[in-house]
Amino acid sequence: MRAQSSATASPRIAVGAASAKTGGGSFGTVQAALGVVAFSLTFPATAWGLEGFGPWSLIAVRSILAAVVAGSCLLVVGVAPPERRHWLGLGVVGAGVVLGFPLLTTLALQTSTTAHAAVVVGLLPLTTALLSALRVGTRPSRTFWIAALAGAAAVIAFTVQQSGGALTTADAYLFGALLVCAAGYTEGGRLAREMPGWQVIGWALVLCLPLTVPMAAVALSYEPVHLTAHSVTGLLWVAIGSQFLGLVVWYRGMAAIGIPKASQLQLAQPLLTLVWSVLLLGEHLPVAAPLTAAAVLVCIAVTQRARG
């Protein structure tokens, strides 16, 4: 049985790797970009959600709602449970993108503006590329790294200029969120080469239910809930748009064009979030944003052309 399992697993890995090379192209970039657009709305939607929910309640309820949607899709399609060798990786995805990143960023947004949080999390692409090199063994070119570091430097300069050079508790939460999310992205991108991306995040969400259900029960008993149009809309978006649909296209894009290149598309995410923060939350758009946008977009163009 073990020999048979190994024999059947190898073609699946080969197919995944082949699709990453032959099916990458523009369609994979489009899917990853759609994921970035979905993620760019996460912080404004979280800010809306916090108008009616406590931070722990918001995290738990969003994860449960996303798990219900994902689990229903898995059930309707009749997807078999993942192989035993995939469960550890799915656990890393769950710990990073289902629980860790949402929790830490939500705690940060209690005292930080969405604009500030967005630019700090702009370091996520470089963090993901670094962890990818360690975990998956990718070796991007020198041009790739120069462009990635330049983009990260632009984001750091923007962050320091806006915060006056002082780091806060919110920044500590955000830097912790960078690490756990990068780990989840890296492991999810690796798994998406062996199973469809929507199944990766779907099983990760379901795997977290034994934690999120008790967490929701306790949090809702202590944190008051005030349902408003903003809070409900924010909750639904972070649960279905960011937590499930966004990650589905994101993991598919990473599997198609590679983790390092896909991660660099996220350099545009903080700038998109700045736009949403102005339009949806009425926050002030920093004067330095257009210059940072131009620098970041140039870096994205270079990293997409660089070959690992």
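Atom set for the values below is all heavy atoms of this structure, side chains included, hydrogens, waters and symmetry mates excluded.
- Residues Leu235 and Ile240 share a hydrophobic cluster, clusters being chains of Ile/Leu/Val/Met/Phe/Trp/Tyr side chains in contact below 4.5 Å.
- Under the 4.5 Å side-chain criterion, counting only non-hydrogen atoms from C-beta, Leu178 is not in contact with Leu174.
- Across Thr127 and Ala182, no two heavy atoms sit closer than the pair CG2-CB, 3.5 Å.
- Judged by distance alone, the side chains of Thr212 and Ser63 never bring a donor and an acceptor atom under 3.5 Å apart.
- Taking 4.5 Å as the limit, some side-chain heavy atom of Trp198 sits within range of a side-chain heavy atom of Leu74.
- For the pair His86 and Gln199, the minimum side-chain heavy-atom distance is 4.5 Å or more.
- Under a hydrophobic-cluster definition in which Ile, Leu, Val, Met, Phe, Trp and Tyr are linked whenever side-chain heavy atoms come within less than 4.5 Å, directly or via other members, Val36 and Leu279 are assigned to the same cluster.
- In terms of heavy-atom proximity, Pro270 sits nearest to Ala118 at CB-O, 3.0 Å.
- Here the closest heavy-atom approach between residue Ala70 and residue Gly202 is recorded as CB-CA, 3.6 Å.
- The OH atom of Tyr173 sits 5.0 Å away from the CG atom of Leu107 when rounded to the nearest 0.5 Å.
- At a threshold of 4.5 Å between non-hydrogen side-chain atoms, the residues Phe53 and Glu223 do not count as touching.
- Using a 4.5 Å heavy-atom threshold, the side chains of Phe175 and Leu179 count as separate.
- Cluster membership check: Val69 shares its hydrophobic cluster with Leu205, using side-chain heavy-atom separations under 4.5 Å among Ile, Leu, Val, Met, Phe, Trp and Tyr.
- In terms of heavy-atom proximity, Ser231 sits nearest to Thr228 at OG-N, 2.8 Å.
- Under the 4.5 Å side-chain heavy-atom criterion for Ile, Leu, Val, Met, Phe, Trp and Tyr, Leu65 and Leu207 are members of the same hydrophobic cluster.
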*Checking side chain to side chain contact (heavy atoms under 4.5 Å, CB included) for the pair Leu280/Leu41: CA distance, chi angles, key distance, verdict?*
CA-CA 10 Å; Leu280 301 178; Leu41 282 160; 3.9 Å; yes
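- The one candidate from Leu265, Thr273, Leu272 that meets the side chain to side chain contact (heavy atoms under 4.5 Å, CB included) condition with Gln269 is Thr273.
- Scanning all heavy atoms of the two residues, the minimum distance from Thr114 to Phe43 falls at CG2-O, 3.6 Å.
- Ser221 contributes a side-chain N or O that, together with a main-chain N or O of Val218, makes up a donor-acceptor pair within less than 3.5 Å.
- Gln243 contributes no side-chain N or O that, together with a main-chain N or O of Ala66, makes up a donor-acceptor pair within less than 3.5 Å.
- Interatomic distance, Thr113 OG1 to His284 NE2, rounded to the nearest 0.5 Å: 11.0 Å.
- Under the 4.5 Å side-chain contact rule for hydrophobic residues, Phe39 and Leu271 share a cluster.
- Distance check, rounded to the nearest 0.5 Å: OG of Ser57 to CG of Leu50 gives 10.0 Å.
- The neighbour count for Trp145 CH2, taken as heavy atoms of other residues, nucleotides or ligands under 6.0 Å away, is above 12.
- Here the CD-CG distance, from Glu51 to Leu281, works out to 8.0 Å after rounding to the nearest 0.5 Å.
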Output side-chain donor-acceptor pairs under 3.5 Å for residues 92-106, partner residues at least two apart or in another chain, one line each.
residue	atom	partner	partner atom	Å
Thr105	OG1	Phe101	O	2.7
Thr105	OG1	Pro102	O	3.2
Thr106	OG1	Pro102	O	2.6

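- Nearest heavy atoms, Gly234 versus Trp48: CA-CB, 4.1 Å.
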Please list, one pair per line, the donor and acceptor atoms closer than 3.5 Å that link side chains of residues 246-260 to other protein atoms, with sequence neighbours excluded.
residue	atom	partner	partner atom	Å
Tyr251	OH	Gly184	O	3.2
Arg252	NE	Gln31	OE1	2.6

*List the steps and the verdict of side chain to side chain contact (heavy atoms under 4.5 Å, CB included) for Ile59 and Met215.*
CA-CA 9 Å; Ile59 294 305; Met215 178 179 170; 3.9 Å; yes
